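Values in this document were obtained by computation on a predicted structure and should not be read as measured data. Labels below follow one simple rule: chain letters A, B, ... track the order of the sequence lines, proteins then strands, and each chain is numbered from 1.
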Protein chains: 2
Amino acid sequence: MTIGDANSSTSERVCQLIEQEIAEGVYEDGIRLDEARLSAQFSVSRTPLREAFRMLAALGLVELIPHRGAFVRLPSFTRLVDMFDVMAEMEAWCARLAAQRITNAQLLMLRAAANGCADALSRNDTAAYYEENALFHDLIYQASGNAFLAEETRNLQRRLRLFRKEQLSHGDRLTASMQEHSEILRLLEIHDGDGVAEVMRKHIRVQGVVYEEMLRERKPGMLRQ
Amino acid sequence: MTIGDANSSTSERVCQLIEQEIAEGVYEDGIRLDEARLSAQFSVSRTPLREAFRMLAALGLVELIPHRGAFVRLPSFTRLVDMFDVMAEMEAWCARLAAQRITNAQLLMLRAAANGCADALSRNDTAAYYEENALFHDLIYQASGNAFLAEETRNLQRRLRLFRKEQLSHGDRLTASMQEHSEILRLLEIHDGDGVAEVMRKHIRVQGVVYEEMLRERKPGMLRQ
DNA sequence: CTCGGCAAAATTGTATATTATTTGAAGGAC
DNA sequence: GTCCTTCAAATAATATACAATTTTGCCGAG
């Protein structure tokens with residue numbers, strides 16, 4: 001999405017706070033976010049709170065019903081799989097285009113990001129891995145040469161962030177993920193569009209599955225049904 | 001996007017009014033939408049106006065800069081092509097999935113919509129064609145079996161609406177478009193995923209080109225550059 | 001005992017006032 | 001003369017007050 005949004009504004013801050021609370025499982029699905037209660041809780045007025053609701057609605061986390069209020073809408077498992085499928089397809093397409101158009105300079109940066117992932121992995125630094133991983137993927141979006149596609153993919157990634165956060169630390173997914181990065185890099189270097197698209201599709205799609213496993217262990221109440 | 005938005009609310013109304021004005025070429029690209037002036041013009045307070053700005057930002061028509069205001073961001077021609085490319089790819093994917101999953105009942109409805117297009121064409125009723133055409137495409141989104149993909153595709157269609165409105169009446173695009181519908185329907189009936197994806201991709205992509213032709217003739221000032 | 005309507009309470013939507021931030025220009029220092 | 005600082009004006013962000021809408025509970029009629 002093309003929003004040059006406020007970053008340190010009250011509404012943005014409140015949006016992130018509520019997002020975090022949703023992630024922590026504070027709210028059941030379908031619950032109404034009470035304006036009065038939340039404005040008291042966060043010590044803000046209702047105006048920025050309502051703007052935060054709109055941001056959350058844009059993220060698909062709440063539904064705004066006129067004269068009724070803002071209701072938490074956690075995705076069902078089916079829906080989450082659908083979302084990861086779309087994400088996988090978009091990233092695969094980015095990779096396919098990137099294979100055709102990527103420059104040597106971009107390949108160099110991509111290799112640096114891949115090495116950054118490897119370093120973080122050797123240090124068992126999941127936070128750093130998360131950062132470098134994000135950079136790796138973003139570089140591919142950029143290399144696609146379609147700025148709009150890059151933005152939309154970034155946006156969907158943001159929307160799925162909530163459901164990807166902890167999964168990198170699940171099992172040996174980190175190691176597998178990094179090996180896939182190497183393969184992706186190799187295929188981009190030889191400009192194999194079909195090949196890299198296929199690897200990327202699997203690379204993303206597996207996250208939906210991993211998430212589901214993780215979910216069963218830890219937070220059975222987070223999703224609907 | 002998953003917004004069960006207000007429909008008859010002031011903010012929604014204002015959003016549509018501004019969208020219309022943008023479509024009419026009232027605003028140059030990069031111009032700031034003055035809160036005070038617009039609230040006077042539409043006789044509404046600044047609160048719903050600001051909510052309308054957020055909706056327009058979600059549509060990608062304006063950019064919100066903190067403490068600066070809302071600035072009109074008309075897409076450049078390059079960007080519009082990028083957007084139509086993404087749209088083409090998403091519709092193609094919808095069609096590919098639909099080819100695998102479509103039911104006989106859905107095929108029946110699709111055929112009805114195609115016939116509706118034909119009828120409208122024979123009556124030279126572009127408005128009716130527009131409606132039936134939208135239905136035809138939406139049925140394919142639904143038949144994809146991926147609800148999230150269907151929503152996102154619908155959403156992008158909405159964002160591109162402004163740049164597609166008059167183009168159906170351009171040249172004999174209407175006739176060509178209908179022939180493509182027939183072909184799409186035929187390929188869906190024989191469940192040819194690759195085939196229907198390819199036809200659909202071209203069917204959408206051509207719109208970007210058609211738009212550009214139309215633009216040169218009528219509104220050279222509507223896009224950037 | 002149940003169903004329908006009315007009324008009051010709760011809650012969202014809108015308007016206005018206040019505060020904080022930014023920007024641009026003016027004035028002084030180097 | 002140029003650059004930096006500062007102050008004022010403009011304007012977005014927030015708070016609060018008000019209006020409109022919806023929901024719910026109560027009362028009465030059937």
Quiz prompt | Strand contacts (DNA chain C) in residues 30-39 of chain A, 4.0 angstrom heavy-atom criterion | solution = A/Arg32, A/Glu35
Quiz item: Within the modelled atom types, does a donor on one side and an acceptor on the other bring the side chain of B/Thr47 and the base of C/dA15 under 3.5 Å apart?
Solution: yes
Self-check item: Atom-to-atom span, CD1 of A/Ile65 to C1' of C/dG13 - whole angstrom
Solution: 15 Å
Quiz item: Would you say a side-chain N or O of B/Ser45 is under 4.0 Å from OP1 or OP2 of C/dA15?
Solution: yes
Quiz item: Passes side chain to side chain contact (heavy atoms under 4.5 Å, CB included), A/Phe84 versus A/Leu160? Steps please.
Solution: CA-CA 8 Å; A/Phe84 274 110; A/Leu160 281 169; 4.1 Å; yes
Self-check item: Atom-pair distance (CD on A/Glu51; C1' on C/dT12), nearest Å
Solution: 16 Å
Quiz item: What class does the angle between the rings of B/His203 and B/His137 fall in, given that below 30° is parallel, 30 to 60° is tilted and above 60° is perpendicular?
Solution: parallel
Practice problem: Output the distance between atom CD1 (B/Ile102) and atom CG (B/Leu97), rounded to the nearest 0.5 Å. | Solution: 11.5 Å
Exercise. Quickly work out the A/Phe53 CZ to C/dG13 C1' distance and round it to whole Å.
Key: 14 Å
Quiz prompt | Ion pair check, A/Glu89 and A/Arg205, cut-off under 4.0 Å | solution = no
Exercise. Report the distance from atom CZ of A/Arg50 to atom C1' of D/dA13, rounded to the nearest whole Å.
Key: 15 Å
Exercise. Please assess A/Gln157 against A/Glu152 for the test side-chain hydrogen bond (donor to acceptor under 3.5 Å, both in side chains), listing each intermediate value before the final yes or no.
Key: CA-CA 9 Å; A/Gln157 189 188 52; A/Glu152 289 294 301; over 6 Å; no
Quiz item: Has A/Arg111 got more than 12 heavy atoms of other residues, nucleotides or ligands less than 6.0 Å from its CZ?
Solution: no
Practice problem: Please report the C-alpha distance between B/Ile18 and B/Phe53 in whole Å, then the side-chain angles of each, then the deciding distance to 0.1 Å, and finally whether the side chain to side chain contact (heavy atoms under 4.5 Å, CB included) criterion is met. | Solution: CA-CA 9 Å; B/Ile18 296 176; B/Phe53 285 174; 4.0 Å; yes
Quiz item: Once you round it to whole Å, what is the distance between P of C/dG13 and CZ of B/Phe42?
Solution: 21 Å
Quiz item: Quick one: what's the B/S/- string for nucleotides 17-23 of chain C, heavy-atom cutoff under 4.0 Å, read 5' to 3'?
Solution: ----SSS
Quiz item: At under 4.0 Å, does any side-chain N or O of A/Thr10 touch on OP1 or OP2 of D/dA13?
Solution: no
Exercise. Quick one: list whatever passes side-chain contact (heavy atoms from CB on, under 4.5 Å) with B/Thr47, sequence neighbours left out.
Key: B/Ser45
Quiz item: Should A/Glu24 and A/Gln20 be marked as a side-chain hydrogen bond (donor to acceptor under 3.5 Å, both in side chains) after you check the CA-CA gap, both sets of side-chain angles, and the distance that decides it?
Solution: CA-CA 6 Å; A/Glu24 286 165 358; A/Gln20 195 181 332; 3.3 Å; yes
